[in-house]
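Step one of this worksheet: look at the structure below.
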Amino acid sequence: MENNLIRVTTLAGEFIKSVIEPGDIVVDATAGTGEDTLLLAQCTGGYGSVYAFDIQKAALEQVKEKLEKNGLESRVVLIHHSHEELAEVLALKGINPSTVKAIVFNLGYLPNGDHHIVTSDKTTLRALEAALTLLAPRGIITVALYPGHPGGQQEAEAVLNWCETLKKPFVAHHFRTLNRKSPPTLVIIQRMR
């Protein structure tokens, strides 16, 4: 029965699929194992652009293998940088503010990787600020929060507190499991027109 539970990444994927169209520019700010990158590449079609960031080379190798296995490697630019540098790196690649349709964050650590290498509230908040400037009208930011590891609760609280301060044209939503201790949760930030 536990395997049938709704995962925050699955829920995020449903929101992402509802806004992305073929040809869109999208970003996976924390590529990790490549599941989100793969979904973005599938949604944007042959004319879209996917930029996938990760601070770990091992993660980017996993992503590359997954994309090659699915014949989608030509749709994705893999970027070996921290998510906090996404605005600067994308500017160098010619991506203008207000043009990115979706930005995905899957925080925490790389599954089956070094659990000491984790995202932090400081870098994540910088990345989220940058993401707001990049987001296109009717675009979406998804943030999967994992409070169960050391530093995860602090990062989750910082993100939620930051979301409460957002003003128009942004709207923030928070989805969480009510009857589990420290469950992963999902934040969705939408930019209205």
Side-chain angles (χ1 to χ4, degrees), residues 7-10 12-17 19-120 122-136 139-146 155 159 186-187 189:
R7 296 177 54 198
V8 294
T9 52
T10 304
E14 292 303 312
F15 282 102
I16 290 163
K17 288 189 279 189
V19 300
I20 297 177
E21 298 174 2
D24 282 341
I25 300 168
V26 296
V27 173
D28 186 346
T30 52
T33 63
E35 291 299 320
D36 295 325
T37 306
L38 180 62
L39 175 66
L40 293 172
Q42 292 167 335
C43 291
T44 57
Y47 300 105
S49 299
V50 180
Y51 297 90
F53 286 74
D54 207 287
I55 198 164
Q56 296 184 69
K57 284 186 179 181
L60 293 175
E61 286 300 318
Q62 282 185 34
V63 176
K64 182 179 178 185
E65 288 176 22
K66 188 167 286 181
L67 292 169
E68 288 173 349
K69 182 178 177 184
N70 288 277
L72 298 172
E73 66 276 6
S74 65
R75 297 183 186 182
V76 179
V77 177
L78 299 176
I79 301 169
H80 184 224
H81 281 277
S82 171
H83 59 296
E84 71 179 309
E85 300 168 21
L86 79 113
E88 296 87 354
V89 172
L90 291 176
L92 291 173
K93 296 197 175 293
I95 304 302
N96 296 317
S98 302
T99 60
V100 178
K101 195 65 169 286
I103 304 171
V104 179
F105 290 83
N106 197 348
L107 304 179
Y109 53 80
L110 178 64
N112 301 316
D114 184 346
H115 291 195
H116 293 98
I117 302 173
V118 296
T119 57
S120 72
K122 188 176 179 181
T123 60
T124 296
L125 291 178
R126 269 191 242 136
L128 286 169
E129 286 286 349
L132 291 182
T133 67
L134 293 165
L135 199 61
I140 188 172
I141 299 170
T142 66
V143 187
L145 300 169
Y146 298 91
E155 182 177 34
V159 169
L186 178 65
V187 169
I189 301 168

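Note: hydrogens, waters and symmetry copies are ignored here, and every other heavy atom, side chains too, is used. Numbering starts at 1 and runs along the sequence shown.
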Quiz item: From Ile95 CD1 over to Lys93 NZ, what is the distance, rounded to the nearest 0.5 angstrom?
Solution: 9.0 Å
Practice problem: Taking all non-hydrogen atoms of both residues into account, name the closest pair between Ala131 and Ile141 and its distance. | Solution: CB-CD1, 3.7 Å
Show me, pair by pair, the donor-acceptor contacts under 3.5 angstrom made by side chains of residues 98-106, not counting sequence neighbours?
unit_1, atom_1, unit_2, atom_2, d
Ser98, OG, Arg191, NH1, 3.0
Thr99, OG1, Asn96, O, 2.5
Lys101, NZ, Val19, O, 3.2
Asn106, OD1, Tyr146, OH, 2.9

Quiz item: Of all residues at least two apart in sequence or in a different chain, which pass the side-chain hydrogen bond (donor to acceptor under 3.5 Å, both in side chains) check with Glu129?
Solution: Trp162
Exercise. State which residues pass side chain to side chain contact (heavy atoms under 4.5 Å, CB included) with Glu65; sequence neighbours excluded, sorted by chain then number.
Key: none
Quiz item: Rounded to the nearest 0.5 Å, what separation is found between the CG atom of Leu86 and the CD1 atom of Ile79?
Solution: 8.5 Å
Practice problem: Using the test side chain to side chain contact (heavy atoms under 4.5 Å, CB included), find all partners of Val118 that sit at least two apart in sequence or belong to another chain. | Solution: Tyr109, His149
Quiz item: When rounded to the nearest 0.5 angstrom, what distance separates CD1 in Ile55 from OG in Ser82?
Solution: 4.5 Å
Can you give me every donor-acceptor pair (side chain of residues 31-45, partner residue at least two apart or in another chain, under 3.5 Å) with its distance?
unit_1, atom_1, unit_2, atom_2, d
Glu35, OE2, Lys66, NZ, 2.4
Thr37, OG1, Asp28, OD2, 2.7
Thr44, OG1, Leu40, O, 3.1
Thr44, OG1, Ala41, O, 3.4

Quiz item: Can you tell me how far the CZ atom of Phe53 sits from the CG atom of Leu78, to the nearest 0.5 Å?
Solution: 11.0 Å
Quiz item: Among all residues two or more places apart in sequence or in another chain, which pass the side chain to side chain contact (heavy atoms under 4.5 Å, CB included) test with Ser120?
Solution: Lys122, Thr123
Practice problem: Applying salt bridge (charged side-chain N to carboxylate O under 4.0 Å, His left out), name anything that partners Glu14, two or more places apart in sequence or on another chain. | Solution: Lys17
Practice problem: Output all residues satisfying side chain to side chain contact (heavy atoms under 4.5 Å, CB included) with His80, sequence neighbours left out; order by chain, then residue number. | Solution: Lys57, Leu60
Quiz item: Taking only residues two or more places apart in sequence, or in another chain, which ones meet Thr124 in a side-chain hydrogen bond (donor to acceptor under 3.5 Å, both in side chains)?
Solution: His83, Glu155
Practice problem: Just grab all the salt bridge (Lys or Arg N to Asp or Glu O under 4.0 Å) pairs involving residues 42-56, residues at least two apart or on different chains. | Solution: none
Self-check item: Point-to-point distance, once rounded to the nearest 0.5 Å, from CZ of Phe15 to CD1 of Ile140
Solution: 6.5 Å
Self-check item: Residue among Leu134, Leu135, Val89, Leu90 satisfying side chain to side chain contact (heavy atoms under 4.5 Å, CB included) with Val27
Solution: Leu90
